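Values below: every heavy atom of this structure, side chains too, minus hydrogens, waters and symmetry copies. Positions are given from 1 along the sequence. Everything numeric in this text was worked out from a predicted model, so none of it was measured.
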Amino acid sequence: MTEKNGADPGEDELSAVELADAFAQRGELIPTTLAEVLRAEEDGVEHEGELPPGLAELRLPPESATKAKLDLEDESPEQPSSLADHRRRKSAFASHFLAAAIGAAAATALWVSREQRPEPGATVPTSEPQAPVADAARTEPRLMLPNVTTCSATCCAGSSCAAAKDELRQCSSGRKCVACSFDELAASRYRLRLGAFAPTEAGAKAVSSAGAAGLELCIRVGSSAPSCVPAHANANATEQWSLLPMVASAQDLLAGFVLEVRPRVPGAGPIGEWRSPVQLNATVMCRGLSLKPKTAKDESLGVVSVFLDDAHYVELLRAGSVEPLLAARRRFELGDVPAKLFETTAADDQKFSLVLGPTDKPSAERLRWSVLEKGHEARLVIGEDHLGSPKPLD
C-alpha cells in the first residue's frame with residue numbers, strides 16, 4: 001500500500017475505529033451492535049435520538065444484560081478490516097435514517113394534500129386573498145335618458161322662448177316655453193293649481209260668518225263633479241297653493257269652468273261663484289287665470305288665481321313598498337325631467353309608483369319611447385290615483 005503523509009495506514013484505520021468507539025461511548029454516535037448497546041446501558045450513556053429498529057426493541061433484564069456482556073467479552077468484537085468497511089457500516093446506517101426521513105416527508109405531503117382536497121362545490125384553501133365578488137346591481141350599466149322638453153321656434157311665451165313678447169318673457173305660472181298653436185296646447189291635459197283666496201270686504205264678512213270651519217273653493221270643469229279645497233283668508237296662510245286631483249282637457253275648459261265659494265259645512269250651498277268658458281292660449285298658459293267670484297247681489301267676494309299645470313307622467317314601476325322603487329331609480333341617469341315617488345289609492349303591489357314628470361304630453365311620449373328603447377317598461381299616466389304630494393327623488 002502507498003504511504004500518505006508518512007503515516008502507517010494500519011495505524012490510521014485503528015485510530016479512526018478508536019475515535020468512533022469514543023464517540024459511541026459518549027452517546028454521540030448511534031450504537032450499531034449488541035455489544036455497543038450493552039456497553040452504553042452498563043455505562044449509563046443515553047443516546048439522544050432513535051435507535052435502529054432492530055436495536056430499539058431490545059429490552060434485556062439487568063441480569064441478562066450482565067451475562068450477555070460477559071459472554072461478549074470472551075469473544076473478540078468484530079472489528080472493521082479497513083477504514084472503508086467502517087465507513088460503509090456507518091453509511092448504511094445513515095441510509096436507513098435518510099429513507100425514514102424521506103418516508104416521513106412523503107406521508108406529510110400526502111396528509112396535507114388530503115386535507116386540502118375540496119368537497120364538491122368547495123374551494124381549495126389558499127393564502128391568497130379572495131377576489132371581491134362584483135355586485136350585479138352596482139355593475140349594471142345605468143340607463144341614460146335624454147332631454148325632451150325642447151322649445152320650438154314657433155313658441156310664444158316663457159323664459160326659454162326667443163320669440164316671446166315683453167309681457168310673456170317671464171311666466172307667473174313657472175313655464176319656460178309655451179306654444180302658440182291651440183292644437184299643440186290641446187294635445188295635453190292639465191291639472192288645476194289654485195292660489196290662496198284673497199277676500200274683499202264682502203268676502204271678509206263671509207269668512208267671519210263661516211266661523212272656525214271657514215270657506216272652501218269648489219271647481220267644476222265641463223261635466224265633472226266638483227273638486228273642493230279649503231279657502232285661505234290671505235296670502236300669508238300656511239299653504240299658498242292647492243293642487244286639485246282633477247285633470248282637465250282643452251275641450252273640458254271650453255265646455256265651461258265654474259268656481260264656487262261655499263261655507264265648509266255639510267250641505268251648505270254656494271255664497272258666490274265665477275263661471276265662463278276658457279280658451280287655451282299662450283297668455284292663459286303663461287299668466288294663468290284670475291277668477292273673481294261674486295255673490296247673487298253682484299258683490300265681489302275676492303280673487304283666486306288658477307294655473308294650468310302639466311299632468312302627464314312616464315311611470316317606470318309600481319310596487320308594494322318604497323325600496324324596490326328607489327333601487328329602480330338608481331338605474332337611470334336623468335335628463336331634464338325629474339323623478340318622483342307617489343303613494344296611490346291602489347292596494348298590494350300597486351301601492352307606490354315611480355314616475356318621471358310631470359310634463360306635456362308630446363314630451364312625455366318622447367321620454368316614454370326613450371325608456372322603452374333601453375329595454376325598460378314605461379307607460380303614460382296622468383296620476384288620477386295619486387295621493388297627496390310626491391316625494392322628489394334626486
Quick check on the hydrophobic clustering: are Val304 and Leu308 connected, directly or via other members, by side-chain heavy-atom contacts under 4.5 Å? yes
Gap separating the NZ atom of Lys176 from the OG atom of Ser159, nearest 0.5 angstrom: 6.0 Å
For Ala206 against Leu215, the heavy-atom pair lying closest together: O-CD2, 4.0 Å
List the steps and the verdict of side chain to side chain contact (heavy atoms under 4.5 Å, CB included) for Leu280 and Leu253. CA-CA 8 Å; Leu280 288 184; Leu253 295 170; 3.6 Å; yes
For Met246 and Ser224, work out which heavy atoms get closest and say how close. CE-OG, 3.3 Å
Do Val258 and Leu254 sit in one hydrophobic cluster, given that two such residues count as connected whenever their side-chain heavy atoms are within less than 4.5 Å of each other, even indirectly? no
Just how far is it from atom CZ of Arg142 to atom CD of Glu333, taken to the nearest 0.5 Å? 4.5 Å
Which heavy atom in Ala162 sits nearest to a heavy atom in Cys155, and how many Å separate them? N-SG, 4.2 Å
More than 12 non-hydrogen atoms from neighbouring residues, nucleotides or ligands closer than 6.0 Å to CZ on Arg366, yes or no? yes
Report yes or no: do Val337 and Val178 belong to one cluster of Ile/Leu/Val/Met/Phe/Trp/Tyr joined by side chain heavy-atom distances under 4.5 Å? no
Please examine the side chains of Ile219 and Val221, heavy atoms only from C-beta on, and report whether any two atoms are closer than 4.5 Å. yes
Would you say the side-chain atoms of Ser208 pair up with the backbone N or O of Ala204, donor to acceptor, closer than 3.5 Å? no
So for atom CD, which belongs to Gln279, do other residues, nucleotides or ligands contribute more than 12 heavy atoms lying within a distance under 6.0 Å? yes
Shortest non-hydrogen contact from Ala282 to Cys156? CB-CB, 3.8 Å
Between Arg275 and Arg220, the two heavy atoms sitting closest are NH2-NH2, 3.7 Å
Without swapping roles, check the side chain of Asp349 against the backbone of Ala319 for a donor-acceptor pair under 3.5 Å. no
Are Leu317 and Ile382 connected, step by step, through hydrophobic side chains (Ile, Leu, Val, Met, Phe, Trp, Tyr) whose heavy atoms are closer than 4.5 Å? no
Hey, could you give me the NZ/OG1 distance between Lys165 and Thr283, rounded to the nearest 0.5 Å? 9.5 Å
Heavy-atom distance under 4.5 Å between the side chains of Phe332 and Leu356, does that happen here? no
Give the minimum heavy-atom separation between Val229 and Leu194, together with the two atoms involved. CG2-CD2, 4.1 Å
Sub-4.5 Å side-chain heavy-atom contact between Leu316 and Val371: yes
Salt-bridge test for Glu273 and Lys294: reply yes if a basic N is under 4.0 Å from a carboxylate O, no otherwise. no
NZ-CG distance between Lys292 and Leu301, expressed to the nearest 0.5 angstrom: 13.0 Å
Would you indicate whether the side-chain heavy atoms of Lys340 and Pro338 approach each other to under 4.5 Å? yes
Should the SG of Cys161 and the SG of Cys177 be checked, would they turn out to be under 2.5 Å apart? no
Assign the ring pair His386 / Phe342 to parallel, tilted or perpendicular, where the plane angle (0 to 90°) is split at 30° and 60°. parallel
Neighbour count above 12 (heavy atom, 6.0 Å) for Lys361 NZ: no
Go through the steps to decide whether Ser363 and Glu365 satisfy the test side chain to side chain contact (heavy atoms under 4.5 Å, CB included), and finish with yes or no. CA-CA 5 Å; Ser363 298; Glu365 284 287 11; over 6 Å; no
I'd like to check Arg331 versus His376 (side-chain heavy atoms, cut-off strictly below 4.5 Å). Are they in contact? yes
From CZ (Phe352) to CG (Leu325), nearest 0.5 Å: 8.5 Å
Return yes if a side-chain donor-acceptor contact under 3.5 Å exists between Asp310 and Thr359, otherwise no. no
NZ/NE/NH1/NH2 to OD/OE distance under 4.0 Å, Lys351 and Asp348: no
Residues in side-chain contact (heavy atoms from CB on, under 4.5 Å) contact with Ser173, at least two apart in sequence or another chain: Cys171, Arg175, Phe307
Under 4.5 Å between side-chain heavy atoms, hopping through other hydrophobics if needed: is there a path connecting Tyr190 to Leu380? no
Taking CD in Glu167 as the centre, count heavy atoms belonging to other residues, nucleotides or ligands within less than 6.0 Å. Is the count above 12? yes
Do Asp309 and Arg191 sit within salt-bridge range, that is, some charged N less than 4.0 Å from a carboxylate O? no
Rounded to the nearest 0.5 Å, the CG atom of Leu341 sits from the OG atom of Ser353 at a distance of 7.5 Å
